[in-house]
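See below for the structure under consideration.
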Amino acid sequence: MRIEKDIKLIALDMDGTLLNTEEKVSEENYKAIQEAKNKGIHVVLSTGRSLDRCREIAESLGRSSYIVTINGGEIYNDRFELVDQTLLDSKLVERLWELRKQHEVHYWSTTVQGQFNSTQNFDKEVRDYDWLKFGFDIEDDEIRKVILDELNSNEALEISNSSPTNIEVNPAGVNKAAALLKVSERLNFNLDNVMAVGDSLNDLAMIKEAGIGVAMGNAQEDVKKAAAWVTDTNNDNGVAKAIRSVL
């Protein structure tokens, strides 16, 4: 497929998209990224991961103008300097923590002070951290629905996922599309000049709002429905196919 559109930036989700199931960047995906860069197109990671969990991969791909992390909660420049950050109100997190204890479900979280999950204990009160994201991983469909129903009713929260069994919580208005709009404005173009590629609900906003939204072959059904088209899976170099469609 060849798409005639003035694409100046390609935004790539990582897990389930750029990375295969071994959490590696295939040689074909790497080559396609370099081809895009050689044509002057910005290639930007747009991930739910924090910087420390994506920096090594980012560096292996070569310098990028920006990196979107924590679903848009933080944006870094080409020197890995923080240029934008939006915190999650600790009072809201206290309720998330109560839900986690009430239902005895697995959680993970990202704060300015570090990352925590069910295998670790906080060393101070919940309200004393600077929160960026809170996540649940819930195998039980009924419990997940109960928690989702409460979270979705709270207008202060942005709810998404990075797999069918988890729930990711950011502050309202914080998502990958909003972050890519900020990046695009810094680079003097708009979202119509962006192609976004992803597989999960935390990619949905950027896929809907980008000039071209591409879903992976392994994407969740809601993501496929929202996309302009569906590429191959993350194990079949779907990112390379998407990139080359605009070169």
Side-chain angles (χ1 to χ4, degrees), residues 1-14 16-18 25 28-49 54 57-58 61-86 158 160 170 173-216 219 222-232 234 237-247:
M1 179 183 291
R2 177 75 176 88
I3 298 174
E4 296 296 333
K5 198 171 182 72
D6 185 19
I7 295 299
K8 298 179 179 179
L9 186 150
I10 298 171
L12 301 176
D13 171 54
M14 287 180 60
T17 301
L18 174 63
V25 179
E28 203 61 29
N29 283 349
Y30 177 85
K31 286 180 180 177
I33 288 169
Q34 306 313 314
E35 290 166 17
K37 288 184 175 184
N38 289 340
K39 291 202 169 190
I41 297 173
H42 300 272
V43 181
V44 170
L45 295 181
S46 184
T47 177
R49 295 189 183 200
C54 68
I57 290 169
L61 298 175
R63 180 168 286 193
S64 171
S65 53
Y66 291 95
I67 300 174
V68 172
T69 67
I70 317 176
N71 294 339
E74 291 188 332
I75 302 172
Y76 292 85
N77 65 16
D78 61 340
R79 297 180 296 280
F80 299 105
E81 297 168 339
L82 183 67
V83 296
D84 192 89
Q85 181 186 75
T86 307
E158 186 93 8
S160 64
N170 286 89
V174 172
N175 56 57
K176 294 181 180 183
L180 289 170
L181 177 59
K182 293 175 182 178
V183 167
S184 299
E185 288 173 344
R186 285 173 174 267
L187 295 170
N188 297 314
F189 48 81
N190 58 47
L191 285 177
D192 195 49
N193 302 116
V194 174
M195 181 171 78
V197 189
D199 72 305
S200 296
L201 296 189
N202 63 356
D203 303 310
L204 193 57
M206 71 173 183
I207 283 173
K208 284 181 174 179
E209 297 188 35
I212 303 172
V214 181
M216 298 299 293
D222 285 348
V223 179
K224 289 182 178 179
K225 289 175 183 176
W229 64 283
V230 179
T231 186
D232 290 336
N234 62 321
N237 306 311
V239 161
K241 181 177 180 180
I243 290 173
R244 287 173 176 145
S245 73
V246 296
L247 297 185

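Nothing fancy with the numbering, it's 1 onward along the sequence. Owing to the predicted nature of the structure, the values given are computational and were not obtained by experimental measurement.
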Give me the atom names and distance for the closest heavy-atom approach of [X] to [Y].
X	Y	result
Ala36	Leu247	CA-CD2, 3.8 Å
Ser160	Asn202	OG-CB, 3.3 Å
Gly211	Lys5	O-CE, 3.5 Å
Ser245	Ala242	OG-O, 2.6 Å
Leu181	Leu191	N-CD2, 3.8 Å
Gly72	Val174	C-CG1, 3.6 Å

*Would Asp84 and Thr86 count as a side chain to side chain contact (heavy atoms under 4.5 Å, CB included) if you check the C-alpha gap in whole Å, the side-chain angles of each, and the deciding distance to 0.1 Å?*
CA-CA 7 Å; Asp84 192 89; Thr86 307; 4.1 Å; yes

*Give a yes or no on whether the backbone of Ala240 and the side-chain of Asn237 come within a donor-acceptor separation of less than 3.5 Å.*
no

With rounding to the nearest 0.5 angstrom, report the [atom1] to [atom2] distance, [X] to [Y].
X	Y	atom1	atom2	value
Ser64	Tyr76	OG	OH	14.0 Å
Trp229	Lys224	CH2	NZ	13.0 Å
Asn170	Asn71	CG	CG	4.5 Å
Lys37	Ile243	NZ	CD1	10.0 Å
Ile70	Ile75	CD1	CD1	11.0 Å
Ser200	Ile207	OG	CD1	9.0 Å

Should [X] and [Y] count as side-chain neighbours, where that means a heavy-atom distance under 4.5 Å?
X	Y	result
Val230	Val214	no
Ser65	Asn77	no
Tyr66	Asp78	no
Ser46	Met206	yes
Met216	Val239	yes
Leu18	Asn29	yes
Leu201	Val223	yes
Ile57	Met14	yes

*Evaluate the criterion side chain to side chain contact (heavy atoms under 4.5 Å, CB included) for residue pair Asp13 and Val197; output intermediate values, then yes/no.*
CA-CA 6 Å; Asp13 171 54; Val197 189; over 6 Å; no

*Of all residues at least two apart in sequence or in a different chain, which pass the side chain to side chain donor-acceptor pair (under 3.5 Å) check with Glu28?*
Arg244

_The test is side chain to side chain contact (heavy atoms under 4.5 Å, CB included); show your working for Ile7 and Asn193 and say whether it passes._
CA-CA 4 Å; Ile7 295 299; Asn193 302 116; 5.6 Å; no

*Give the intermediate values and the outcome of side chain to side chain contact (heavy atoms under 4.5 Å, CB included) for residues Leu82 and Glu74.*
CA-CA 7 Å; Leu82 183 67; Glu74 291 188 332; 3.8 Å; yes

*Sort and list the pairs that fulfil salt bridge (Lys or Arg N to Asp or Glu O under 4.0 Å) and have at least one residue in residues 197-213, not counting sequence neighbours.*
Lys176-Asp203

*Out of Ile41, Leu9, Ile10, which residue meets the side chain to side chain contact (heavy atoms under 4.5 Å, CB included) rule with Met195?*
Ile10

_Can you list everything that forms a salt bridge (charged side-chain N to carboxylate O under 4.0 Å, His left out) with Lys31? Sequence neighbours excluded, please._
Glu27

